[in-house]
Amino acid sequence: EVQLQASGGGLVQAGGSLRLSCAASGFTFDDYTIGWFRQAPGKEREGVSCIKISDGTTYYANSVKGRFTISSDNAKKTVYLQMSSLNPEDTAGYYCAVDRLTVETMCVLPPTDSLRGQGTQVTVSS
């Protein structure tokens, strides 16, 4: 069964850090692009960061560039999102999704039918 399992969210003060994990199973990890997305109440979904597993190509939204780092551990079939210098605007439900796309397409124009895991909430207090 193809699955994505996101974890690592929580409550953190502004300026703090969190690391999200997206554990994949049931498919050939190397063949895909995995992305992190977020959505806050009343706001549009945003592609935060995406990584092409086969070559490590990455994409970051301007809103997180320089603060977030995406990486993958192919042996563990897990993609991480290290989030630093968090601010209240980063508060959202975060989820990971997988598809066979370039990192730009995955993050900027994600298909509605990409496989996605359940979300994990990130709350940043001021």
Give me the atom names and distance for the closest heavy-atom approach of [X] to [Y].
X    : Y    : value
T91  : Q121 : CG2-NE2, 4.0 Å
S114 : V98  : CB-O, 3.6 Å
A14  : P88  : CB-CD, 4.2 Å
A92  : A40  : CB-N, 3.9 Å
C50  : M106 : SG-CG, 3.7 Å
Y95  : Q118 : CB-O, 4.1 Å

Next item on the list: Report the C-alpha separation of Y94 and Q39 in whole Å, then their side-chain angles, then the decisive distance to 0.1 Å, and conclude whether the side-chain contact (heavy atoms from CB on, under 4.5 Å) test is met.
Entry: CA-CA 7 Å; Y94 286 70; Q39 189 162 21; over 6 Å; no
Show me the donor-acceptor pairs, under 3.5 Å and distance only, between side chains in residues 53-62 and residues at least two apart or in other chains.
from	atom 1	to	atom 2	distance (Å)
D55	OD1	T57	N	3.0
D55	OD1	T57	OG1	2.7
D55	OD2	T57	OG1	3.2
Y60	OH	I70	N	2.8
N62	OD1	K65	NZ	3.1

Checklist line | Distance-only polar pair, side chains of S71 and Q82, donor-acceptor under 3.5 Å | finding: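 Their side chains do not contain a donor-acceptor pair, so the 3.5 Å distance test is not met.
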Note to self: Please tell me whether V64 and V79 are part of a single hydrophobic cluster in this structure, the criterion being side-chain heavy atoms less than 4.5 Å apart.
What the structure shows: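 Cluster IDs for V64 and V79 match.
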Check: Is L86 reachable from Y80 through a run of I, L, V, M, F, W or Y residues, each pair having side-chain heavy atoms under 4.5 Å apart?
Finding: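 Each belongs to a different hydrophobic cluster.
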Inter-residue atom distance [X].[atom1] - [Y].[atom2], 0.5 Å rounding:
X    : Y    : atom1 : atom2 : value
R38  : C96  : CZ    : SG    : 15.5 Å
M83  : D90  : CE    : CG    : 7.5 Å
T78  : N74  : OG1   : CG    : 9.5 Å
T112 : L109 : OG1   : CG    : 12.0 Å
R67  : S85  : CZ    : OG    : 7.0 Å

Review item, side-chain donor-acceptor pairs of residues 18-37, under 3.5 Å, at least two apart:
from	atom 1	to	atom 2	distance (Å)
T33	OG1	L101	O	2.6

Can you find a heavy atom in the side chain of [X] that is under 4.5 Å from one in the side chain of [Y]?
X    : Y    : result
T123 : V12  : no
S7   : T120 : no
L4   : K77  : no

